[in-house]
Amino acid sequence: TVVVGSFNRYYVFSYNMHRAQWEEAGVKLIDNLYTVSALAWKPDGSRLAVGSLTGGVDLFDACIRRHRYKGKFEFTYVSNSQVIVKRLTNGTRIVLKSHFGYE
């Protein structure tokens with residue numbers, strides 16, 4: 001996934017392995033953002049930080065879906081090929097990622 005910033009918005013693009021091309025996944029409009037000056041992903045891909053020309057920083061949750069299993073685990077689907085599994089009792093996490101393209 002790639003994010004490109006512009007005036008008052010940023011665009012999200014995802015690579016479609018079956019079509020071998022980039023596709024627009026969505027646009028996020030942010031009033032009074034003015035100009036996007038910085039973008040950074042959390043290393044596990046679950047959040048995106050967006051910095052603006054005015055000095056503001058917004059943090060966005062970038063998951064597709066979140067699911068709790070029997071009150072013990074939380075599954076955060078970051079992309080079609082990546083899942084973060086978190087144990088709710090102590091907060092430990094593991095990132096599972098597919099490198100085979102079977103999403």
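Positions are given from 1 along the sequence.
Considering only heavy atoms from C-beta on, Lys97 stays 4.5 Å or farther from Val78 through its side chain. Residues Val12 and Glu24 form no side-chain contact, since every pair of their non-hydrogen atoms from C-beta on lies 4.5 Å or further apart.
Hydrophobic cluster membership differs between Val57 and Ile30, with clusters built from Ile, Leu, Val, Met, Phe, Trp and Tyr side chains linked at under 4.5 angstrom. Placement of Val27 and Val4 within a single hydrophobic cluster is found when ILVMFWY residues are connected by side-chain heavy-atom separations under 4.5 Å, directly or transitively. A continuous path of Ile, Leu, Val, Met, Phe, Trp and Tyr side chains, each step under 4.5 Å between heavy atoms, connects Val85 with Tyr77, placing both in one hydrophobic cluster.
Atom OG in Ser14 sits 7.5 Å away from atom CD1 in Ile64 (nearest 0.5 Å). If you take CG on Asp61 and NZ on Lys42, they are separated by 9.0 Å, rounding to the nearest 0.5 Å. From Arg66, atom CZ reaches atom OG of Ser46 across 7.5 Å, with rounding to the nearest 0.5 Å. Lys70 NZ to Leu88 CG: the interatomic distance, rounded to the nearest 0.5 Å, is 14.0 Å. Separation of atoms CG (Leu29) and CZ (Arg9) is listed at 5.0 Å; rounding is to 0.5 Å. The distance from atom CD1 of Ile84 to atom CZ of Phe73, rounded to the nearest 0.5 Å, is 15.5 Å.
Within 6.0 Å of atom CZ in Phe60, more than 12 heavy atoms from other residues, nucleotides or ligands are found, so the atom counts as buried in its surroundings. The number of heavy-atom neighbours closer than 6.0 Å to CD1 of Ile94, taken from other residues, nucleotides and ligands shown, is 12 or below.
In this structure, Phe13 has its ring center no closer than 6.0 Å to that of Trp22.
Residues Phe75 and Tyr69 share a closest heavy-atom pair of CE1-CB, 3.5 Å. Residues Asn8 and Tyr34 share a closest heavy-atom pair of OD1-N, 2.7 Å.
The one candidate from Val36, Leu48, Val50 that meets the side-chain contact (heavy atoms from CB on, under 4.5 Å) condition with Val3 is Leu48.
No side-chain donor-acceptor contact under 3.5 Å links Gln21 and Asn16.
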